[in-house]
Amino acid sequence: MKSLPRCSRFATLAGLGLITLASLLTPAAVAADQPVKIGFVVKQPEEPWFVLEWKFAGQAAKDLGFTLIKIGATDGDKVLSAIDNLAANGAQGFVICTPDTRLGPGIVAKAKSDNLKLITVDDQLIGADGKPMLAVHHLGISATKIGQKVGATLIEQMKQRGWVAADTAVCAVTFEELATAKERTDGAIDAILASGFAKDRIYKAPQRTSDIPGAFDAVTILLTQKPNVKHWLICGMNDSAVLGAVRAIEQRGFTADSCVGVGINGTDCIAELERTTPTSFYGSMLNSAKAHGYQTAEMMFHWIKDGKEPPLDTRTVSVLITRDNFRQVLKEQGIRD
Ligand code: FCA
């Protein structure tokens, strides 16, 4: 074999050395025989939305052959110990919907020190500067657009029912400390305003906790302050917010004929839509629990196994489900048999 000139031989060796060094520095792929373990940490394990995310992540684990470790972490301490536990159990990465997005820098630091890859789902981490941590891989809903669809649907329903705008008011159940929640209710309010609805008849009911009791309490206070409204249009960050509002409003004698609410998620209102006597809960923007559960787990798997980095930001869309179509749509999406 013709020998290479000295300098190019050096260059080749150096090149080889660099490649080896680079592959050592970026442990892109796990060894073929090393089992892949992925954590899936959620903030509200009792909410059907998160139960479904876990279910679909479990399907990905079965299809792709990895171990899924599901952890419910309802506060900051639980999140940090969950990450340590995952590392101790041999996980190489995790997907998380954190109970508090301001834990962002702490979560990133802990994932780094435990050498775990990180993808956030639903709720984007907030940095020390108060801005979203755009360098952390994220999959979430197109919150503003989905909120706008809620607002437009409420106005459409108001018109269809022949309610006069002057007798009608908006109850927006808000949870503004969470960016995706604020974007949703802001989107709904924007669409309502764009239809010409009076700004001074749009009332916010801030929830202290993002669950049904939190919304119920917030709306009960609002109703005491506004006793003369004839028709309510209800929006909120998710189904739980709107369900809590509907319960509070119906306790005051409102019915499906005098009040209408549209949720977001579509997964937490199934029993409500199944009721034989329709309530004021008209429908919901069904998000893709499959994309949020299956796709995030799948992206994490390929990142760990093949060194394939996922896109930094993925956004999902939703479709309106009502009593008329929910059985069919839920079946198509693999949520119901
Ligand atoms: C947030 C909400 C959930 C769901 C998800 C997509 O995490 O709390 O109910 O709407 O975004």
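The residues of the chain are indexed from 1 along the displayed sequence. Both ligands and their constituent atoms are indexed starting at 1 by order of listing.
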Q.
At less than 4.0 angstrom from any non-hydrogen atom of Glu47, what atoms of ligand 1 do you find?
A. 3 (C), 9 (O)
Q: Look at atom 4 (C) of ligand 1 and say which protein heavy atom is nearest, naming residue and atom and giving the distance to 0.1 Å.
A: Asn265 OD1, 3.3 Å
Q.
Checking the side chain of Asn265 only, and the main-chain atoms of Trp49 only, is there a donor and an acceptor separated by less than 3.5 Å?
A. no
(Q) Can you confirm, on distance only, whether ligand 1 has an N/O atom lying under 3.5 Å from any N/O atom belonging to Asn287? (A) no
Q. Starting from atom 11 (O) of ligand 1, which protein heavy atom do you reach first, and at what distance in Å?
A. Arg184 NH2, 2.8 Å
(Q) Quick test: of every protein heavy atom, which one is nearest to atom 7 (O) of ligand 1, and how far off is it to 0.1 Å? (A) Asp123 OD1, 2.7 Å
**Q.** Ion pair Lys43/Asp123, N-O distance below 4.0 Å
**A.** yes
Q: Would you confirm whether Asn89, through its side chain, and Ala91, through its main-chain N or O, come within 3.5 Å as a donor-acceptor pair?
A: no
Q. Among protein heavy atoms, which sits nearest to atom 2 (C) of ligand 1, and what does the distance come to when rounded to 0.1 Å?
A. Met237 CE, 3.6 Å
**Q.** Side-chain donor/acceptor of Trp54 to backbone N/O of Lys70, under 3.5 Å
**A.** no
Q: Salt-bridge test for Asp337 and Lys331: reply yes if a basic N is under 4.0 Å from a carboxylate O, no otherwise.
A: no
Q | Electrostatic pair Glu176:Arg184 at N-O distance under 4.0 angstrom | A | no
Q. Going by the atom numbers of ligand 1, which of them fall below 4.0 Å from some non-hydrogen atom of Cys97?
A. 7 (O)
Q. So, Asp268 side chain and Asp239 main chain: donor-acceptor pair closer than 3.5 Å or not?
A. no
Q | Numbered atoms of ligand 1 (with element) below 4.0 Å of Asp122, judged on heavy atoms | A | 5 (C), 6 (C), 7 (O), 11 (O)
Q. Considering distance alone, does some N or O of Lys43 sit under 3.5 Å from an N or O of ligand 1?
A. yes
